[in-house]
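Working notes for the structure below.
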Amino acid sequence: MSRLICVSNRVALPDATETSGGLAVAVRELLCQRAGLWIGWSGNISDRSEFDIHHGRFSAVTLDMTAEEHEGAYLGYANSVLWPVFHNRLDLARFDRNFYGSYAAYNIRLAVVIASLVRPGDQIWVHDYHFMILGRLLRAQGIENQIGFFLHIPMPPPEAFLAIPEFRELASSLAAYDLVGCQTTNDVGNMLACLRAATGAELLPSGRLSIAGEAFHVGSFPISVDSQTFAMAGHQPRNTTIKRVLGVDRLDYTKGLPQKFRGFAHLLRAYPHFRRQTVLTQIAAPTRDSVEVYADIRQELEGISGSINGEYGDVDWMPVHYIHRSIPRKRLRALYRSAAVGFVTPLRDGMNLTAKEYIASQDAADPGVLILSRFAGAAEELQQAILVNPYCVEELGDALAQALAMPLAERQSRHAALYATISRRDTTTWATDFLEHLKRAGADMRTRYISSPAA
Ligand code: ADQ
């Protein structure tokens, strides 16, 4: 069987006991089945240029970043240009010419490592915005294998994308992949619009996209969670006197946490009978602490939670429990299960796995209610959630009041529909579906160049 080579910013090692998000679980499973390789950053910063190979049921190949790569490629171009722009936060982007140079140099380093490891017939799957141009660089190394790219974050509309100084390089690099996958049909629409605007890309009658004669496929592959694992949350008695509203997010400005806290304050102000009967528990995992805007949001949240507790709290009841740390998966499942409301209100999100994890963890006989931002990719599938505009604090507070008072029969019917949706595809079907499409797209390799090959 051909091997699978996955490339992502961080990797899980073969002997790791707990893999965190959905992506890690799915990729790990497939790599075990196909004795594959997982290539990415070790998490260390040093001048070592060699890579390390960790052998197990699959192999992980890790590289250190130099301080320059970490500053320019990772914190700079990936997380201070692409992340904010792709989430429609141009105001937070730092356009610095040196960043792209570091990004390209780090991608070239990865391409050289992959070229030294790849064998004929291996499938290569590149993940996310850290490596948008890697496919083009792999082709420059003479690699003709099937190469797919999956974008985990939202694809922005052209007005935002064209604000990136290197938009042409990014857009035309995508044509080097056989298949480009996005989370939602909305992202695919934005991808087509961006590529048209940036490069004059044409949609061919075959459904493929062509840029300067080079053809490739674009499609939507919504990522999911392993609903079986979350369904094993076990019996968690729900506190009937104090209902828990739960938020679980990385502490990121895209997750809409200040608005979420203010929405909860609106509930306490406008619906005083919920005071003393409900708490907001927000678990916020630390992330990218060395980027300045992330330190700012942390301070802002501490301020808002303190002022809500100061205004409404009492010696025997604190309305906001704000926990700034990561928690083990098992504990997370139990928390999801015991929460009366899953409060998931990102301002923009590629998918948002916590929304699906919350649904998967519920007791079907007495399920909680999901409140979900319209601007999370997950909203495209999870239509029976209470869908909200995450910018509108009053709407968030009203949705909380509706969820907390929702009769059992309505909770059950909404949950049954949502659970049916997420159990139709798990992480493994997501990954297998993408790789099957890549195989078919790769079979079109012979005709990748429609007219004259790009120089
Ligand atoms: P993220 O932005 O990280 O992912 P999300 O999809 O919600 O967002 O995934 C977060 C994962 O981390 C979930 O599995 C969640 O359980 C876990 N997590 C979050 N906070 C935690 C905490 N405090 N303790 C423990 N675990 C915690 C990116 C994109 C998303 C896309 C995913 C997958 O931004 O839009 O859904 O990739 O493609």
Side-chain angles (χ1 to χ4, degrees), residues 6 8-10 12 18-28 78-79 82-89 125-130 149-156 181-184 186-187 220-227 229-230 233 246-257 260 281-289 294 297-298 301 321-337 339 342-361 370 372-373 375-382 390 422 425-427 430-431 434:
C6 277
S8 60
N9 176 46
R10 295 300 299 272
E18 185 169 278
T19 35
S20 44
L23 162 71
V25 176
V27 166
R28 201 188 152 86
N79 285 316
L82 298 180
W83 177 271
V85 171
F86 278 46
H87 287 88
N88 256 329
R89 290 299 304 267
W125 190 3
V126 177
H127 290 267
D128 232 357
Y129 59 101
H130 310 86
F149 174 76
F150 187 78
L151 184 67
H152 289 260
I153 62 175
M155 188 66 199
C182 301
Q183 299 272 24
T184 65
N186 184 53
D187 292 322
S220 79
F221 301 87
I223 194 168
S224 196
V225 297
D226 186 358
S227 40
T229 311
F230 283 91
L246 177 67
V248 176
D249 305 87
R250 280 187 308 98
L251 183 52
D252 194 292
Y253 53 82
T254 60
K255 303 293 181 185
L257 297 175
K260 185 193 286 204
T281 299
Q282 176 64 50
I283 320 274
T287 184
R288 301 171 203 164
D289 284 344
Y294 286 80
I297 184 135
R298 180 179 172 181
L301 282 179
H321 297 180
Y322 167 52
I323 296 147
H324 180 229
R325 87 177 84 91
S326 216
I327 61 167
R329 306 293 289 166
K330 196 164 171 223
R331 172 129 173 67
L332 192 58
R333 290 199 289 271
L335 261 177
Y336 281 137
R337 179 93 161 190
F343 201 20
V344 186
T345 56
L347 304 178
R348 196 81 187 89
D349 218 327
M351 176 56 60
N352 194 293
L353 293 176
T354 60
K356 293 185 172 181
E357 290 167 1
Y358 178 74
I359 293 299
S361 308
L370 176 65
L372 178 61
S373 162
F375 307 131
E380 201 169 284
E381 294 167 276
L382 303 182
I422 62 161
R425 38 195 296 136
D426 61 10
T427 36
W430 164 74
F434 181 89

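Note that ligands are numbered from 1 as they come in the structure, with each ligand's atoms numbered from 1 the same way. The figures that follow rest on heavy atoms only: side chains count, while hydrogens, waters and symmetry mates do not. Positions are given from 1, in the same order as the sequence printed here.
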Discussion item. Checking side-chain polar atoms at under 3.5 Å, does Asn186 have a donor or acceptor matched by the opposite partner on Thr184?
Written reply: no
Is [X] in polar range of ligand 1, meaning some N or O pair under 3.5 Å apart?
| X | value |
| --- | --- |
| His87 | no |
| Phe150 | no |
| Gly350 | yes |

Below a 4.0 angstrom heavy-atom separation, can you tell me which part of [X], side chain or backbone, both or neither, approaches ligand 1?
| X | result |
| --- | --- |
| Ile327 | both |
| Leu332 | side chain |
| Gln183 | side chain |
| Tyr336 | side chain |
| His324 | neither |
| Tyr358 | neither |

Using side-chain hydrogen bond (donor to acceptor under 3.5 Å, both in side chains) as the criterion, point out the one residue from Lys255, His321, Lys260 that pairs with Gln282.
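When side-chain hydrogen bond (donor to acceptor under 3.5 Å, both in side chains) is applied between Gln282 and each of Lys255, His321, Lys260, only Lys260 qualifies.
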Ring geometry between Tyr336 and Tyr358 (parallel below 30°, tilted from 30 to 60°, perpendicular above 60°) = perpendicular
Could you tell me how the ring of His152 sits relative to the ring of Phe150: parallel (under 30°), tilted (30 to 60°) or perpendicular (over 60°)? perpendicular
Interfacing atoms of ligand 1 (cut-off 4.0 Å, heavy-atom, [X]):
| X | answer |
| --- | --- |
| Ala285 | 20 (N), 21 (C), 22 (C), 23 (N) |
| Trp83 | 34 (O) |
| Glu357 | 13 (C), 14 (O), 15 (C), 16 (O) |

Counting heavy atoms only, which of [options] is nearest [atom]?
| atom | options | answer |
| --- | --- | --- |
| atom 36 (O) of ligand 1 | Val344, Asn352, Thr354 | Asn352 |
| atom 21 (C) of ligand 1 | Ile283, Val248, Ile153 | Val248 |
| atom 29 (C) of ligand 1 | His127, Lys255, His152 | His152 |

So which heavy atom on [X] is nearest to which on [Y], and how close?
| X | Y | value |
| --- | --- | --- |
| Pro286 | Arg325 | CD-CA, 3.6 Å |
| Pro84 | Tyr253 | CB-OH, 3.4 Å |
| Arg348 | Pro154 | NH2-CB, 3.6 Å |
| Phe375 | Pro346 | CB-O, 4.4 Å |

What distance separates Leu251 CG from Arg298 CZ, expressed to the nearest 0.5 Å?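 These two atoms lie 8.0 Å from each other.
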Exercise. In this structure, which one of Ile422, Thr354, Leu372 forms a side-chain contact (heavy atoms from CB on, under 4.5 Å) with Ile359?
Worked result: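 The passing option is Ile422.
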